[in-house]
Amino acid sequence: ILKSKTIRTTTTAVKQNEINDKINENAKFKKLIEWFRVKFKVKNEKVLVALSGGVDSALVALFAKTALGRENVLAVTANYQTLTSEELNTAIKVAKELDINHKIIEYNELENLEFIKNNSSRCFHCRNELADNLIKVANEEDCILIVDGSNTDDLNDYRPGMLALH
């Protein structure tokens, strides 16, 4: 299940145990869980995970929950009106399967004049608006850090949206 491009929405307690076994076997997974534990030395600090429903953000959410406990993780999915209903439903199902707190925020990126220009920097403007909305939620929910499923492979591509998320 961890190698698939999408997380299947049929996770049972048995599959959850399989996932936990895979985490325990994989040094990289352990390292990320330990990163969360070290980063959040003070108990009850909360993290916000930007959850798209894809594998990368789902794994980050799972590792955050494993390290910090369910009560200290909030997954947030942005329904920005260009997200398909399938993508939104996948994110909802993933959050439910991972048994994490989940919030859906809504805004319309088609109201963003820079985004609708549809030029090479549209991803920057899309992600910049996403970041603004995630920061707002993080402040409202007392989350001290926002994480997402970006990974080092993303740094090798032209991704103007990555600049907006920093």
Side-chain angles (χ1 to χ4, degrees), residues 1-2 5-13 15-17 19-20 22-24 26 28-109 112 123 125-152 154 159 161-166:
I1 190 166
L2 295 175
K5 288 294 180 188
T6 58
I7 289 187
R8 294 186 182 97
T9 58
T10 58
T11 302
T12 62
K15 289 200 178 201
Q16 185 65 48
N17 289 336
I19 292 170
N20 291 337
K22 293 239 184 245
I23 289 170
N24 291 330
N26 190 304
K28 288 182 183 179
F29 294 166
K30 284 182 178 179
K31 191 173 184 178
L32 185 54
I33 291 167
E34 188 59 27
W35 178 85
F36 276 112
R37 287 185 177 140
V38 169
K39 188 81 172 166
F40 294 92
K41 289 180 182 177
V42 177
K43 298 260 183 203
N44 299 322
E45 290 183 324
K46 291 172 60 176
V47 63
L48 183 153
V49 179
L51 181 70
S52 67
V55 172
D56 295 330
S57 65
L59 286 173
V60 171
L62 176 63
F63 298 155
K65 177 187 159 194
T66 301
L68 306 173
R70 182 182 189 276
E71 66 280 1
N72 294 318
V73 179
L74 174 64
V76 176
T77 300
N79 180 8
Y80 35 76
Q81 307 308 313
T82 59
L83 188 70
T84 67
S85 59
E86 181 181 356
E87 291 172 307
L88 180 60
N89 289 333
T90 298
I92 292 167
K93 288 177 183 176
V94 167
K96 187 175 181 176
E97 289 176 4
L98 295 177
D99 188 32
I100 54 175
N101 298 310
H102 188 220
K103 183 173 191 168
I104 298 170
I105 57 173
E106 296 195 17
Y107 59 92
N108 189 346
E109 69 185 355
N112 181 332
C123 291
H125 299 294
C126 167
R127 293 295 179 225
N128 192 50
E129 190 170 16
L130 173 62
D132 289 345
N133 281 283
L134 293 175
I135 289 168
K136 181 180 174 188
V137 173
N139 288 332
E140 291 168 355
E141 299 288 339
D142 294 321
C143 297
I144 66 166
L145 181 68
I146 300 170
V147 294
D148 69 356
S150 299
N151 58 66
T152 56
D154 296 335
R159 299 217 179 193
M162 292 289 288
L163 295 175
L165 294 177
H166 291 95

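A distance of 11.5 Å separates CG in D142 from CG in N72, rounded to the nearest 0.5 Å. In this structure, E71 CD and K46 NZ are separated by 10.0 Å, a value rounded to the nearest 0.5 Å. The CG atom of L88 sits 9.5 Å away from the CD atom of Q81 when rounded to the nearest 0.5 Å. Note that CG of L32 is 9.0 Å distant from CZ of F29, once rounded to the nearest 0.5 Å. Going from atom NZ of K39 over to atom CG of L68 covers 12.0 Å, rounded to the nearest 0.5 Å. The distance from the NZ atom of K93 to the NE2 atom of H102 is 13.5 Å, given to the nearest 0.5 Å.
Residues passing the side-chain contact (heavy atoms from CB on, under 4.5 Å) test with V76 are L48, L74, K103, I105, L134, V137, sequence neighbours excluded. Among residues two or more places apart in sequence or in another chain, the side-chain hydrogen bond (donor to acceptor under 3.5 Å, both in side chains) test is passed with T84 by E87. Listed by chain and residue number, N139, I146 satisfy the side-chain contact (heavy atoms from CB on, under 4.5 Å) test with I135 (two or more places apart in sequence, or in another chain). Under the rule for a side-chain contact (heavy atoms from CB on, under 4.5 Å), the partners of D99 that lie at least two apart in sequence or sit in another chain are K65, R70. Checked against side-chain contact (heavy atoms from CB on, under 4.5 Å), K136 has the following partners two or more places apart in sequence or in another chain: E140.
The two atoms that bring L83 and A78 nearest to each other are CD2-O, 3.4 Å, heavy atoms only. In terms of heavy atoms, T90 sits closest to G53 at CG2-O, 3.7 Å. Considering every non-hydrogen atom in both A58 and V94, the closest pair reads CB-CG1, 3.7 Å. The heavy-atom pair separating S52 from A91 by the smallest distance is O-CB, 3.6 Å. When all heavy atoms of I100 and A61 are compared, the pair lying nearest together is CD1-CB, 3.7 Å.
T77 places a side-chain N or O within donor-acceptor distance of the main-chain N or O of L51, the cut-off being under 3.5 Å.
Taking the six-membered ring where the residue is Trp, W35 and F40 present perpendicular rings, their angle passing 60° and hence far from 30°.
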### side-chain contact (heavy atoms from CB on, under 4.5 Å) evaluation trace for F36 with V60
CA-CA 10 Å; F36 276 112; V60 171; 4.1 Å; yes

### Message
Quick one, Y107 with E129, criterion side-chain contact (heavy atoms from CB on, under 4.5 Å). Give me CA distance, side-chain angles, the key distance, then yes/no.
### Response
CA-CA 9 Å; Y107 59 92; E129 190 170 16; 3.6 Å; yes

